Amino acid sequence: MNDVTVQRNYKDTFFRMLFKDKENLLSLYNALNGTNYADVSGLEITTLENAVYMNYKNDVSFVFEHELMLYEHQSTVNPNMPLRDLFYVTDILQKRTYNKDLYSSKLIEIPAPRFVVFYNGVDYQPERQTLKLSDSYEKKQAHPELELTVTMYNINCGCNEEIMEACRTLKEYAIYVERLRTYAKQMPLKEAVAKAVDECIAEGILSDFLEKNRAEAIKVSIYEYDEELHFKTLFEEGHESGYAEGREAGLEQGKSRLNQLNSILIDMGRLDDLKRATQDRAYQEQLMVELLPE
């Protein structure tokens with residue numbers, strides 16, 4: 001039914017296109033934090049040129065009010081987000097402090113990191129949950145000395161309504177995604193995307209953004225929906241990261257195999273491979289074939 005195939009090397013995302021705009025990004029920050037900042041001049045969107053970090057689409061990172069915010073959009077649940085964010089934030093802080101003397105007696109100040117995932121996949125998830133790096137530890141600790149927490153918000157229509165009302169752009173994004181998914185079940189994907197875009201423009205839903213970026217928005221939407229179906233199909237066939245059929249059993253088995261792979265790579269000193277594996281699904285699966293028993 002959906003006859004569009006898209007190369008999986010597209011760099012941008014619909015979410016990032018929306019929230020690269022500082023006004024939209026500040027509105028989202030205010031909605032999450034219950035603040036009412038209006039001046040975007042102090043908001044610094046961060047980038048890592050030519051880094052693996054950018055290739056895996058960590059959607060928006062920025063510094064504001066002495067905080068380093070990493071906002072990630074996901075249409076599939078990924079229990080490895082804390083580990084991935086550990087790599088991301090390390091790269092960013094290395095870039096920000098590259099000309100500082102880490103051996104100086106003077107304390108080097110850094111912005112306080114905060115990590116957020118916006119989830120809008122089709123599988124059920126609670127409105128809000130916390131993912132912890134320590135959940136990946138093979139040895140569970142009552143008080144882990146290294147911890148990183150990621151807050152995941154479900155942004156599907158009907159979820160987290162207080163946040164949605166506070167950030168109109170986020171709410172309209174959720175409406176757009178819901179329409180696209182509905183139409184994609186009824187017609188070829190390219191037609192479904194065009195219909196969703198045209199309807200939203202006519203009804204004032206992300207209308208300014210879609211009118212200015214119509215062709216790009218359609219291209220990104222086709223890519224993202226095609227990618228979402230691709231990973232969902234892999235999961236259902238039991239081949240995504242070693243997950244077996246059966247949702248709960250598959251998740252547990254997949255998590256166990258990922259932890260086992262991470263442990264082996266650490267023991268072998270292959271830290272570059274570990275980092276790449278958390279960011280490149282195909283490479284992760286290649287390493288599992290190479291290093292893990294069936």
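Keep in mind that this is a model prediction, so the values were computed, not measured.
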| said: Can you confirm whether the side chains of Y88 and E72 place a donor and an acceptor under 3.5 Å from each other? | reply: no
| query | Mind checking whether E191 and K195 have side chains closer than 4.5 Å, heavy atoms only? | reply | no
| field | Residues R270 and E290 bridged, charged N to O under 4.0 Å | value | yes
| said: Could you check whether R179 and Y183, counting side-chain N and O atoms only, form a donor-acceptor pair closer than 3.5 Å? | reply: no
| Side-chain donor-acceptor contact under 3.5 Å, T46 with S61 | yes
| field | Beyond-backbone contact of E65 with T35, side-chain heavy atoms, under 4.5 angstrom | value | no
| message | What I'd like to find out is whether the side chain of N33 reaches to under 4.5 Å of the side chain of R114, using heavy atoms alone. | response | yes
| Are E172 and R168 within salt-bridge range, i.e. N to O under 4.0 Å? | yes
| said: Are the side chains of T151 and R128 in contact, using a 4.5 Å heavy-atom criterion? | reply: yes
| Short N-O contact, D198 and R214, less than 4.0 angstrom | yes
| query | Parallel under 30°, tilted from 30 to 60°, perpendicular over 60°: which one fits the rings of F15 and H73? | reply | parallel
| Side-chain donor/acceptor of N160 to backbone N/O of I155, under 3.5 Å | no
| Donor-acceptor pair, E147 side chain versus S134 backbone, under 3.5 Å? | yes
| request: Sort and list the pairs that fulfil ring pair (Phe, Tyr, Trp, His ring centres under 6.0 Å) and have at least one residue in residues 124-144, not counting sequence neighbours. | output: none
| query | How many angstroms lie between CG in L170 and CD in E165, if you round to the nearest 0.5 Å? | reply | 10.5 Å
| request: Return the orientation label for the Y153 and F118 ring planes: parallel under 30°, perpendicular over 60°, tilted otherwise. | output: parallel
| Would the F19 and F62 ring centres measure less than 6.0 Å apart? | no
| task | State, yes or no, whether a side-chain contact exists between L180 and S221 at a heavy-atom distance under 4.5 Å. | result | yes
